[in-house]
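Working notes for the structure below.
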Amino acid sequence: MYYDFKEIEKKWQKKWLATGAFRASCDQKRKKYYLLEMFPYPSGKIHMGHVRNYTIGDVASRFKSLEGYNVMHPMGFDAFGQPAENAAIKNKTKPADWTHKCIKEMETELKKMGFSYDWEREISTCDSDYYKWNQWIFLKMFERKLAYKKASQVNWCPSCQTTLANEEVIEGGCWRCHTKVEQKELEQWYLKITEYKERLLEDLDQLKNWPPRVLAMQNNWIGKSSGVDIYFRLKGSDKTIPVFTTRPDTIFGATYIVLAPEHPLVKDLIKGNPQENTALEFIKKISGISKIVRSASDVKKEGVFTGSFAVNPVNNEEVPIWIADYVLMEYGTGAIMAVPTHDQRDFLFAKEHKLPMRIVIKPKDNPVNSAQELTEAYEGQGVQVNSGKFDGLPNEEAKIKIAQWMEEQAFGKIKTHWRLRDWLISRQRYWGTPIPIIYCPVCGVVPVPYQDLPVKLPADAPFTGEGGSPLGKVKKFVETKCPKCKKEAKRETDTMATFFDSSWYFLRFCSPGFDKAPFDVEEARYWMVVDQYIGGIEHAILHLLYSRFFTKFFQDLKMIDFTEPFDKLLTQGMVLKDGEVMSKSKGNIVDPDSMIKNYGADSLRLFILFAAPPETELEWDQRGLEGAFKFLNRVWRIQENLKNTGDPEILRSLHRTIKKVSEDFAGFKFNTAIASLMELTNSIYQLGCDKEIFSKLLIMLSPIAPHFCEELWEILGNKTSIFKSSWPKFDEKLLVEEKVELVVQVNGKLRSKIQVGRDITEDKLKELVLKDEKVASWLEGKSPKKFIVVPRKLVNIVI
RNA sequence: GCCGAAGUGGUGGAAUGGCAUACACGUCGGUCUCAAAAACCGAUGAGGGCAACCUCGUAAGGGUUCAACUCCCUUCUUCGGCACCA
């Protein structure tokens, strides 16, 4: 017979909810622990990814609570966004109705998993009580000129009919629908995240408990590169062309310069020259090629001569000016100095177009004397040559000296370029936070006054997915009065990107009902920072970077006194089926709901934690789930056969297990924690145990299989919840074995094992080991050269 | 190209200088049963040997060490991020 998981799970879920078992409140006397999992988009059904993410969080949360921490473990919904609009178009419903229905369904599913959320803190970003504060934050940023509007080339997804942030373009496609992203000239709202670039980069050092790859990704994305802007004078003109380089040490080797085809100076440079027509044709050709094709690394570098020359400021040498497709207008100054001897791209280009080369850095060993001998550019370290007064210096030293010298001579300026761009946040969509701005024909751009917030999203909008901001078609919404001059004015009709909503929700959880500010400063002082954050790696850049940015902004508003929101970050691996990510299109989805129906939530939780460590990918294994279920049944049967007295050997095992499981839980190594619980269970199953030992086993298992353990706990006669008990402590004395088994090696190879007392002296041990028959046969009468003893572990005899 | 992570039985994985393969899945054999399921017991890296045992074995090669999956060097492969970034 199997234990009745259906009844048991229903019973305890009801009880936990009725007693408010996981309600958290500020208590200065107790140490707090804020555990947060990335909140979901309410699609209606939870998938295995959610199950894994939230199970990891739930176990950690329940464990910390048993350890005595005041734990906050909230849940909410990232409820604005495009799927609601798409679903509404398809089903002819309203996005709000669809979203609320999905939230209801999802709450039910999460409750069925037995997660220990404080449901009283639940938030939905689509509630005006929430998005009002998005608008408030936007206005604060607007006041500080961190929110601004500008016209420029923007990423446009033709399928979603909206703009996208740089972070939302993945491999040239829309992050949501993968449609190829186009460029469009539009006037849009931006957040000046670049204002925070130095802090966003430097503070990565504080994040000691983040996975290295996430730090690396953020580092890459911010993309700092230090170098020099060098001013080349245009021959026969007083105009200068700044070029950016990270290698000022190679300036004496610059034999030509190259501009991006879109560079504003290009037209002047080619005008009237014999090369004009060829150049214009080339520019036209390049402008027709999309950025993605152009940036593919295997494409041959093409370019043309402009017919003009520039003067290298360090040696007054005249160098030809070229245009080439491999120079990008978006980076640096849109122009480079080419040093073919020390840059591989320049080398290939110079070979192709027969441009001059000059060596300026020689490696210590095997130096090449003439540029003709080079088969590739030398990009390594060496000593300066052909570099005027810098000859003989190691190039790393020259890099600094030349840069400083150029700045003194006004040949250039030391400069840092960044990859990070400002964050485009306006979207031409309906289901999002209205941007609180009014356009007045007299006063211009006017922010909505704070007391008029929220600017509510109208319940109805004629959206069809066919372009244009849907809010623009709602007269009642658009037409308003200017807050300043009270004349007729129009509202902004774009809404905010949904990543705005999730950039500060972790603060809202501290005081979800607070109505005077986005969050109660006092509550946040107690609960923040988030001690443990758990979520998918797909948010390594987007959400985590934006949240760090907002946190620094709140710090500048003096609302908080920390700089980073998340202390520890765990990025859980994906759940795979047959080696592939589960997806609807592949038809390889395993539905959590049917697994709960057949084996119970506790078995599902147990399996998903046991099958792999949290960070690595997890291969779904139906038989593994059955194995988890079998294990729980085994534990159940122990309860039916409890003895009155405990076995001393079992007691020892128990204390070893407590030590191991405590360490493993603290380090999020649930798979090995479960393995040792299984080992203990196996020996108890054979030797039996008493109620006291069994109770401790149950407490250790309870974070993983909460319903199951609550039920057995009650059967044992306890009147209060197992989660009101405390985590067992191990007795150091019981970890010590009187007799230990020692491994005996000869020349590092295992040859024998002997039983000895734990405190045996080295001399006595030596005597015993040499007497051992197996050892003696390996020694063949030779006397040992060396005798290595690792106490209570191993002996190695070297002969 | 730069940066990051990883590579261990048939499978998921364990061991972070000291018994390689814990725990589980699978497979095989057995107990119980009219039979099956469940449950229980046992075997299970490869090769050799009747056996006691022996040899090999953690992507490949080299090094450090009494001792290396673990540390160092070189190389290969896989995954992820950035990238004609000057």
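A note on names: the letters A, B, ... follow the listed sequences, proteins ahead of strands, and every chain is numbered from 1. The structure presented is a predicted model; accordingly, all values stated were derived computationally and were not measured.
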RNA chain B in dot-bracket, Watson-Crick or G-U pairs under 3.5 Å, [ ] crossing, | other strand?
(((((((..(((.....[....)))((((((.......))))))((((....))))..(((((..]....))))))))))))....

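- Of the side-chain N and O atoms in A/R213, none sit less than 4.0 angstrom from OP1 or OP2 of B/A6.
- Annotation: side-chain contact (heavy atoms from CB on, under 4.5 Å) contacts of A/K793 (sequence neighbours excluded): A/V790.
- Which of B/C25, B/C40, B/C23 sits closest to the side chain of A/R637 comes down to B/C40.
- Closest approach to the A/R345 side chain among B/A86, B/C23, B/C19 is made by B/A86 (side chain taken as heavy atoms from C-beta onward).
- Checked against B/G26, B/A20, B/A15, the side chain of A/T672 finds its nearest nucleotide in B/A15.
- Side chain of A/N220, nearest nucleotide from B/C19, B/C3, B/G13: B/C3.
- Under the 90° criterion around 0 for the glycosidic angle, B/G9 counts as syn.
- In terms of phosphate contacts, A/Q686 brings a side-chain nitrogen or oxygen within less than 4.0 Å of OP1 or OP2 of B/C41.
- Checked by atom type and distance alone, the side chain of A/D602 pairs as donor or acceptor with a backbone atom of A/F708 at under 3.5 Å.
- Residue A/R419 has a polar side-chain atom (N or O) positioned under 4.0 Å from OP1 or OP2 of B/A83.
- Look at A/R792 and you won't find any side-chain N or O under 4.0 angstrom from OP1 or OP2 of B/G18.
- For B/A14, the OP1/OP2 oxygens have a side-chain nitrogen or oxygen of A/N671 closer than 4.0 Å.
- When the side-chain nitrogen and oxygen atoms of A/Y685 are compared with OP1 and OP2 of B/C40, one or more of them lie within a distance under 4.0 Å.
- The side chain of A/E679 lies closest to B/C23 when the candidates are B/G13, B/C23, B/A86.
- Look at CG on A/L201: it is 14 Å from C1' on B/C3, rounded to the nearest Å.
- As rounded to whole Å, 12 Å separates atom C1' of B/U11 from atom CZ of A/F607.
- As rounded to the nearest Å, B/A38 and B/C32 have C1' atoms that lie 11 Å from one another.
- Of the side-chain N and O atoms in A/K749, one or more sit less than 4.0 angstrom from OP1 or OP2 of B/C56.
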Its contact letters, B for base, S for sugar-phosphate only and - for none at protein heavy atoms under 4.0 Å, make nucleotides 63-79 of chain B read ---B-------------

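- Atoms CZ (A/F610) and C1' (B/U11) sit 13 Å apart, rounded to a whole Å.
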